[in-house]
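Let me begin by presenting the structure, written as structure tokens, before commenting on it.
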Amino acid sequence: MSTQKRFTAPTKVSGLLVPSSRRHKRAPQRAPTLETDIYVSRKTAFAAYCKRAQKIIDRSDFTFLVIRGLGTAITRAIEVALFVKQKNPTSVSWTVTTSTVKLVDDMETEDLDDDVKTETRENSAIHIRIVKMEVAPEEKADALGAS
């Protein structure tokens with residue numbers, strides 16, 4: 001493999017020749033994370049997310065968990081949430097919100113004298129908040145009476 005940087009070919013935009021450029025995607029900015037936040041990506045194994053989520057739910061101090069996905073990881077975030085709900089059908093509920101996140105990319109040109117330019121783009125995101133359901137007192141009594 002060549003170690004040479006690859007640039008896109010120069011293109012004409014409105015009659016002007018635009019130099020070739022290379023896009024460097026910056027990491028998305030995140031709010032400060034909690035122990036109960038799980039940021040889902042396409043690189044980590046699905047089972048690892050499921051184990052981590054279940055480990056948080058099984059803790060005695062569990063109140064909530066937030067599964068977050070960005071772009072192509074949205075489907076994986078949904079799959080993790082569905083797995084958690086299937087494993088804990090009566091003890092958790094969820095709230096799902098979607099948003100659009102602004103991302104910043106650096107555009108590097110072949111001409112080293114040019115400054116690095118930035119471009120913004122938007123990407124979809126999902127936030128799935130899984131909360132512990134409170135057991136109603138009559139359900140608790142029924143469960144104890146059935147034992």
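Closest non-hydrogen pair, Ser41 versus Ala73, comes out as CA-CB, 3.9 Å. Taking every heavy atom of both residues into account, Ala125 and Leu70 meet most closely at CB-CD1, 3.9 Å. Scanning all heavy atoms of the two residues, the minimum distance from Ile126 to Ala77 falls at CG2-CB, 4.0 Å. Between Lys85 and Ser93 the shortest heavy-atom distance is NZ-CA, 4.1 Å. Annotation for Asn123 and Gly71: closest pair OD1-CA, 3.4 Å, computed over non-hydrogen atoms.
For the pair Val131/Thr95, no side-chain contact is recorded, criterion being any heavy-atom separation below 4.5 Å from C-beta on. When side chains are defined from C-beta on, Leu103 counts as touching Val101, because their heavy atoms get closer than 4.5 Å. Residues Ile38 and Val66 fail the side-chain proximity criterion, which asks for heavy atoms closer than 4.5 Å. Considering only heavy atoms from C-beta on, Thr98 stays 4.5 Å or farther from Ser124 through its side chain. The shortest distance between side-chain heavy atoms of Val80 and Phe46 falls below 4.5 Å. The shortest distance between side-chain heavy atoms of Arg42 and Thr75 falls below 4.5 Å. Between Ser91 and Lys132 the shortest side-chain heavy-atom distance does not fall below 4.5 Å.
To the nearest 0.5 angstrom, Gln86 atom CD is 10.0 Å from Cys50 atom SG. Rounding to the nearest 0.5 angstrom, the gap separating the NZ atom in Lys51 from the CZ atom in Phe83 is 10.0 Å. Within the model, atoms NZ of Lys102 and CD of Glu122 stand 4.5 Å from one another, a figure rounded to the nearest 0.5 Å. Note that CD1 of Ile67 is 5.0 Å distant from CG of Leu65, once rounded to the nearest 0.5 Å. The distance from the CD atom of Gln54 to the CZ atom of Phe62 is 9.0 Å, given to the nearest 0.5 Å.
Between the Tyr49 side chain and the Ala81 main chain, no donor and acceptor come within less than 3.5 Å of each other. Although no hydrogens or angles enter the test, the distance criterion places a donor-acceptor pair under 3.5 Å between the side chain of Asn88 and the main chain of Val84.
A salt bridge does not link Glu35 with Arg52: none of the charged nitrogens is closer than 4.0 Å to a carboxylate oxygen. Between Lys117 and Asp106 there is no salt bridge, since no side-chain nitrogen of the basic residue lies less than 4.0 Å from a carboxylate oxygen of the acidic one.
Under the 6.0 Å distance and 45° angle rule, Arg129 counts as a cation-pi partner of Phe64.
Cluster membership check: Ile130 shares its hydrophobic cluster with Val96, using side-chain heavy-atom separations under 4.5 Å among Ile, Leu, Val, Met, Phe, Trp and Tyr.
For the residue pair Thr44 / Tyr39, no side-chain donor-acceptor distance below 3.5 Å is found, with atom types taken as modelled.
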